Amino acid sequence: MNSQSRPNRIVVGVDGSEYSSKTLEMAGRMASTLGGQIDVITCIGMSDFYMASRFEHELTRFTSQLEDTARRLVDEALERAFGESRPEGLTVTVKFGEPAKVLVEESRGSQLLIVGRHGAGGFLNQPIGSVSKACAAHAHCPVLVVATEEEA
């Protein structure tokens, strides 16, 4: 059985922003309650990838740098959320692609998808971000949208 079809899988979409920590904290509570395993997914949008490819001929070097930066931001969010007490079995995956599309695909066969209400963008004071909205509308499992304390 591949990791994407584990029935106890809880997918958490994070972007490494300060909002990610609240989303991760909620994922930890839900995993404890539901007996699930947390799979953290962070995405490098194709616009980031395209921009990097325009500035450097060594595309693989920039791809690696983008992945390293994304992983570092997620690790910082994990540290803020859990400190030294990360949930057992938690995994982190960096994917290239449009975040909403990647997260909807990752939701297949999962018991829950958790996303923040807003990421780093927060465009025009919308009540819910575009990624959260797309996930809520198209995911293949229940979706929990987490607001920060300031938004609640």
Side-chain angles (χ1 to χ4, degrees), residues 3-4 9-34 36-56 61-108 110-152:
S3 66
Q4 196 171 345
R9 181 177 191 238
I10 297 174
V11 176
V12 186
V14 299
D15 63 4
S17 68
E18 70 267 12
Y19 303 110
S20 295
S21 299
K22 293 295 178 196
T23 305
L24 289 164
E25 288 171 9
M26 179 59 74
R29 290 195 295 273
M30 295 304 293
S32 177
T33 300
L34 299 173
Q37 185 173 351
I38 300 172
D39 285 344
V40 177
I41 307 292
T42 191
C43 299
I44 298 172
M46 292 314 290
S47 61
D48 300 327
F49 181 71
Y50 176 76
M51 187 171 70
S53 71
R54 304 302 294 166
F55 293 118
E56 182 65 42
R61 183 174 69 113
F62 266 106
T63 301
S64 295
Q65 288 176 345
L66 286 170
E67 286 183 68
D68 291 345
T69 300
R71 192 169 297 278
R72 181 183 48 78
L73 291 172
V74 171
D75 283 342
E76 290 171 3
L78 286 164
E79 180 66 29
R80 289 190 304 268
F82 302 117
E84 297 296 317
S85 304
R86 290 186 186 181
E88 192 172 321
L90 181 143
T91 63
V92 175
T93 304
V94 178
K95 297 220 169 206
F96 282 87
E98 199 278 311
K101 200 173 206 178
V102 169
L103 292 171
V104 165
E105 184 57 34
E106 289 291 324
S107 74
R108 289 185 190 278
S110 300
Q111 70 172 325
L112 185 63
L113 170 61
I114 303 175
V115 292
R117 191 162 111 182
H118 286 291
F123 184 66
L124 294 177
N125 293 325
Q126 295 294 310
I128 186 171
S130 60
V131 172
S132 305
K133 189 181 291 186
C135 288
H138 301 290
H140 303 280
C141 67
V143 177
L144 175 59
V145 180
V146 179
T148 63
E149 291 170 1
E150 300 86 43
E151 297 174 326

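These figures come from a predicted structure and were not determined experimentally. Only heavy atoms go into these numbers, but all of them, side chains included; no hydrogens, no water, no symmetry mates. Start at 1 with the first residue, then count along the sequence.
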Which heavy-atom pair separates [X] from [Y] by the least distance, and what is that distance?
| X | Y | value |
| --- | --- | --- |
| Pro99 | Val131 | CB-CG2, 4.0 Å |
| Phe82 | Leu90 | CE1-CD1, 4.2 Å |
| Gln111 | Gly36 | NE2-CA, 3.5 Å |
| Pro87 | Ile38 | CG-CD1, 3.8 Å |
| Ala139 | Leu113 | CB-CD2, 4.0 Å |
| Leu24 | Ala81 | CB-CB, 3.7 Å |

Practice task
Output yes when a side-chain donor or acceptor of Ser32 lies under 3.5 Å from a complementary backbone atom of Gly28, and no otherwise.
Solution key: no
Would you compute the distance between atom [atom1] of [X] and atom [atom2] of [Y] and round it to the nearest 0.5 angstrom?
| X | Y | atom1 | atom2 | value |
| --- | --- | --- | --- | --- |
| Arg86 | Asp75 | CZ | CG | 5.0 Å |
| Leu34 | Arg29 | CG | CZ | 12.5 Å |
| Cys135 | His140 | SG | NE2 | 10.0 Å |
| Ile114 | Glu25 | CD1 | CD | 12.0 Å |
| Lys95 | Ile44 | NZ | CD1 | 12.0 Å |
| Lys133 | His138 | NZ | NE2 | 10.5 Å |

Are [X] and [Y] close enough that some pair of their side-chain heavy atoms sits under 4.5 Å apart?
| X | Y | answer |
| --- | --- | --- |
| Arg117 | Tyr19 | no |
| Asp39 | Thr93 | no |
| Ile41 | Cys43 | yes |
| Val40 | Thr42 | no |

Practice task
Taking side chain to side chain contact (heavy atoms under 4.5 Å, CB included) as the test, write out the residues that go with Ser20, two or more places apart.
Solution key: Val14, Asp15, Ser17, Ala77
Exercise for the section: For the pair Arg9 and Glu106, find out whether any cationic side-chain nitrogen is under 4.0 Å from an anionic carboxylate oxygen. Expected result: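 So Arg9 pairs with Glu106 through a salt bridge.
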Handout entry: Salt-bridge criterion met for Glu105 and Lys101 (N-O under 4.0 Å)
Key = no
Practice task
Could you walk me through whether Ser107 and Val11 pass side-chain contact (heavy atoms from CB on, under 4.5 Å), step by step?
Solution key: CA-CA 7 Å; Ser107 74; Val11 176; 5.7 Å; no
